[in-house]
Amino acid sequence: MRRPVLAVLGGSFDPPHIGHVLIPTYLLTRGLASRVLVVPCWSHPFAKRMSPFDQRLVWTRLAMQVHGSQVSVSDLELRLALDRPADSPSYSYEMLRAVQAQHPDFKVRLVIGSDIVAEGEIQRWRNYDKLAAEFSPIVVPRMGYAEASSCALPEVSSTAVRGWLAAPDNPAAREGLAAAVPAVVLERLHAGTRGHVWLIGHGNVARHAEEWLMARGWTSTLISARGLIDGSEELPGMASKPNAAASGPVSRVPKVIWIVCKDPFIGAVAQALAGFGLRPVPVLHAAGSQPAREGLAPLVAAGFPVGTLHPICSLRRELPEGMLDRCSFGIEGDKPARELALRLIGEQPWLDLQDMDAAQRARYHAACALAANHLAVLHEAARSSLTAQGLPAEGVAQALATLMQSSLENLLALGVPRGVTGPIARGDLEGAARHVAALGGAAGELYAQLSARLAAMMKP
């Protein structure tokens, strides 16, 4: 069976322009690929100067979000860079091998422009012969380097875009940028910096929050929660130990501090922060389970306005493209902290937790956990039942992924009962009973319990 093609589009994307965004459309509509992976490079083997990687990654994700799930933007080059000497450049062959290892079910192919081929640049690439043999490049025709009739994409020059950005008061430059750069990227480029945030924590939320903030115009500094608690971490420009000399003037004083560490450490982090003698600024925590004035009590006593900014979203740092930019947030707190939280989220939806006491907050958080965490029980029961019959693990994983995703989308779009399918939805109680008997054991008990609840919900 032929494997689907995963087309890999690399580049500096400094910044991404309309031509970059339309390449995946070209590949997908022509049937040249089933999915497209966009990979901004970490460094350039020919010593090309570029904007910082994290900025280019954010710009590229903003530009490519129009495509949906068939196109994803990867920070793979960053992760590869961490495993090699600091002065080593990025090489396409190594990157493609890493992509292939991550996507063994796909045939990985590199995407290049016809200009790269026509000018002979590709011949200078490291391991080009191996690259061409293993990753069969897809050549996209570019105007001036292919027959005009075959060039379906507009010709946009990254050099010209950077020149226009350097001349913001030139009407011709503004016109050129409007035509060449995706509006969402151009808005971010023109918006400037809104302020600085200290992120306390290095876990799942912090990994996504840093990029989420940057996409909204906020800079941030990651600070270790454990380091603050045990005294090994210094705040930017400050000494962390009593009577020690400061490491320099306080730089990039934050407009807000957002504590995104694990819930059990929040109180200790608040205690440590309160001991630094900082000028009070709004402090938010990301915990859903506790009111801010309780969880951050040491900071309240020190005169800090406090609040909650709880992302109602499942986040894992192993999966860099989370849904933080689309999720809702739970928000409450003192007026300055609450206002800062609302500035951070912009137009994203939110739930007002302002008048909830500790018991209500615990119930709110439990409801979020119920919806997010317990899908794993259903998935594991179904997976183990299918693989126990000899079905291949990879095939089962793919089948269940589509089944669960489609069921969730139906439910969210249509509600109960119209968004529910299966025997119970059809009123086939005998069929459901046969399922219970066929599954047996714990899986059968789970099916019976859930079926009884579902049958009650389906009644008019």
Side-chain angles (χ1 to χ4, degrees), residues 1-11 13 16 19-41 57 60-61 63-80 90-114 116-117 122 125 127-142 146 150 152-153 316 318-323 379 382-383 386-387 389-410:
M1 184 175 67
R2 293 180 59 185
R3 292 181 296 169
V5 171
L6 174 61
V8 178
L9 175 62
F13 304 104
H20 293 136
V21 177
L22 291 177
I23 288 175
T25 300
Y26 174 83
L27 297 170
L28 295 168
T29 55
R30 283 205 57 200
L32 298 173
S34 299
R35 285 180 53 196
V36 179
L37 185 68
V38 183
V39 186
C41 64
L57 181 69
T60 307
R61 286 195 168 141
M64 296 295 174
Q65 66 187 6
V66 68
H67 292 294
S69 60
Q70 280 187 287
V71 179
S72 56
V73 179
S74 173
D75 66 350
L76 175 61
E77 284 274 7
L78 168 61
R79 287 178 276 130
L80 293 176
S90 303
Y91 291 110
S92 295
Y93 180 66
E94 284 75 11
M95 179 268 289
L96 290 166
R97 291 186 64 191
V99 172
Q100 186 65 82
Q102 291 178 353
H103 301 275
D105 295 334
F106 285 84
K107 176 177 175 57
V108 173
R109 298 185 66 183
L110 177 66
V111 180
I112 57 174
S114 58
I116 301 294
V117 178
I122 197 170
W125 288 13
N127 292 318
Y128 167 69
D129 291 339
K130 291 181 179 179
L131 184 154
E134 296 178 33
F135 303 108
S136 184
I138 301 172
V139 180
V140 176
R142 289 192 62 180
S150 67
L153 302 177
R316 293 296 307 179
E318 299 91 341
L319 298 175
E321 290 194 77
M323 297 179 68
H379 183 275
R383 186 203 63 79
L386 292 171
T387 55
Q389 297 184 74
L391 294 172
E394 290 183 3
V396 167
Q398 183 175 358
L400 289 178
T402 304
L403 175 61
M404 295 184 75
Q405 183 175 356
S406 61
S407 298
L408 181 58
E409 290 178 357
N410 289 342

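Residue indices begin at 1 and follow the sequence shown.
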(message) I want to check something: taking the side chain as every heavy atom from C-beta on, are Val38 and Ser72 in contact at a cut-off of under 4.5 Å?
(response) no

(request) Would you check if His67 and Thr25 make a side-chain contact, meaning some heavy-atom pair closer than 4.5 Å? (result) yes

(request) Please round to the nearest 0.5 Å and tell me the distance separating atom OH of Tyr93 and atom CG of Leu131. (result) 8.0 Å

(request) Give the minimum heavy-atom separation between Val139 and Ser114, together with the two atoms involved. (result) CG1-CA, 3.6 Å

(request) Determine the minimum heavy-atom distance between Arg3 and Lys107, stating which atoms define it. (result) CB-N, 3.9 Å

(message) Closer than 3.5 angstrom, by distance alone: can the side chain of Ser406 be matched with the main-chain N or O of Leu403 as a donor-acceptor pair?
(response) yes

(message) In the structure I gave you, are the side-chain heavy atoms of Ile138 and Ile112 within less than 4.5 Å of one another anywhere?
(response) no

(message) In the structure I gave you, are the side-chain heavy atoms of Asp105 and Gln398 within less than 4.5 Å of one another anywhere?
(response) no

(request) Evaluate the side-chain proximity of Arg97 to Phe135: yes if any heavy-atom separation is below 4.5 Å, no if none is. (result) yes

(message) Quick one, Leu400 and His379 - any side-chain contact, counting heavy atoms below 4.5 Å?
(response) yes

(request) Considering non-hydrogen atoms only, spot the tightest contact between Leu57 and Ser74 and give its length. (result) CD1-O, 3.8 Å

(request) Using a 4.5 Å cut-off on heavy atoms from C-beta on, say whether the side chain of Val39 contacts that of Met95. (result) yes

(request) Compare every heavy atom of Gly11 with every heavy atom of Phe13, then report the nearest pair and how far apart it is. (result) CD1-O, 3.2 Å

(request) With rounding to the nearest 0.5 Å, note down the distance linking CD1 in Ile23 to CG in Leu9. (result) 5.0 Å

(request) Without swapping roles, check the side chain of Glu394 against the backbone of Ala397 for a donor-acceptor pair under 3.5 Å. (result) no

(message) Looking at Ser34, is its backbone amide N or carbonyl O close enough to the side chain of Gln70 to form a donor-acceptor pair, meaning the two atoms are under 3.5 Å apart?
(response) yes

(message) Strictly distance-based, threshold 3.5 Å: is any side-chain N or O of Glu134 a donor or acceptor partner for the main-chain N or O of Leu96?
(response) no

(request) Would you check if Tyr26 and Val140 make a side-chain contact, meaning some heavy-atom pair closer than 4.5 Å? (result) yes

(request) Looking only at non-hydrogen atoms, find the nearest pair between Ala98 and Leu76 and report the distance. (result) CB-CD2, 4.0 Å

(request) Say whether, by atom type as modelled, one donor and one acceptor occur between the side chain of Arg109 and the main chain of Ser136 under 3.5 angstrom. (result) yes

